[in-house]
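Numbers for residues simply follow the sequence, beginning at 1. Computed from a prediction, not measured in an experiment: that's the story for all the values here.
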Amino acid sequence: MDVFGIPNDEVIEKKSNTGVIYSDVGGLGRNIAVNLTKLDIPNYFVSIYGHDSAGEEFKTDALKK
């Protein structure tokens, strides 16, 4: 999973800053495999994933055609 945050306002050093955290299925190897599939190039992506919500999201995404 790629996890990243975007601040709501200007970031002030050494302070708590408000913002939003996003996550998306990603990772270099996974992204390459997905792009090869979009180009109709057969490939296999071997990985492991956890038994949690992120792992389930990864599994669901991986099974899409």
Side-chain angles (χ1 to χ4, degrees):
M1 296 296 287
D2 291 334
V3 180
F4 52 96
I6 299 175
N8 288 336
D9 296 312
E10 178 184 351
V11 175
I12 302 170
E13 285 191 42
K14 299 182 182 178
K15 299 284 182 182
S16 295
N17 294 279
T18 61
V20 180
I21 296 175
Y22 295 96
S23 65
D24 196 12
V25 179
L28 180 63
R30 178 253 176 213
N31 293 343
I32 290 170
V34 167
N35 289 327
L36 288 171
T37 299
K38 289 178 181 178
L39 293 170
D40 293 325
I41 299 172
N43 68 89
Y44 294 93
F45 179 68
V46 178
S47 183
I48 59 171
Y49 55 90
H51 188 64
D52 59 2
S53 61
E56 290 301 317
E57 187 175 348
F58 178 86
K59 180 180 173 183
T60 300
D61 183 75
L63 294 173
K64 286 186 205 173
K65 293 190 178 203

Pairs where residues 25-49 contributes a residue and the test salt bridge (charged side-chain N to carboxylate O under 4.0 Å, His left out) is met, not counting sequence neighbours: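 Sorted pair list: Arg30-Asp61.
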
Considering only residues two or more places apart or on different chains, which pairs with a residue in residues 42-53 satisfy salt bridge (charged side-chain N to carboxylate O under 4.0 Å, His left out)?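 Residue pairs with at least one partner in residues 42-53: there are none.
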
Starting from Leu28 and following side-chain heavy-atom contacts under 4.5 Å between hydrophobic residues (I, L, V, M, F, W, Y), which residues can be reached?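 Cluster partners of Leu28: Ile32, Leu36, Leu39, Ile41.
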
If you link I, L, V, M, F, W and Y whenever their side-chain heavy atoms are under 4.5 Å apart, who else ends up in the same group as Val46?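 None; Val46 is a cluster of one.
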
Heavy-atom closest pair, residues Ala33 and Phe45: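 Distance-wise, the nearest heavy atoms are CB-CB, 3.8 Å.
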
Using atom types as modelled, flag every donor-acceptor pair under 3.5 Å from a side chain in residues 11-27 to any protein atom, sequence neighbours excluded.
unit_1 : atom_1 : unit_2 : atom_2 : d
Asn17  : OD1    : Ile12  : N      : 2.9
Asn17  : ND2    : Ile12  : O      : 3.0
Asn17  : ND2    : Lys15  : O      : 3.0
Thr18  : OG1    : Asn8   : ND2    : 3.4

If the condition is ring pair (Phe, Tyr, Trp, His ring centres under 6.0 Å), which residues does Tyr49 pass it with, not counting sequence neighbours?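 Tyr49: ring pair (Phe, Tyr, Trp, His ring centres under 6.0 Å) contacts with Phe58.
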
With sequence neighbours excluded, residues passing side-chain hydrogen bond (donor to acceptor under 3.5 Å, both in side chains) with Asn43: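 Expected list: Thr37.
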
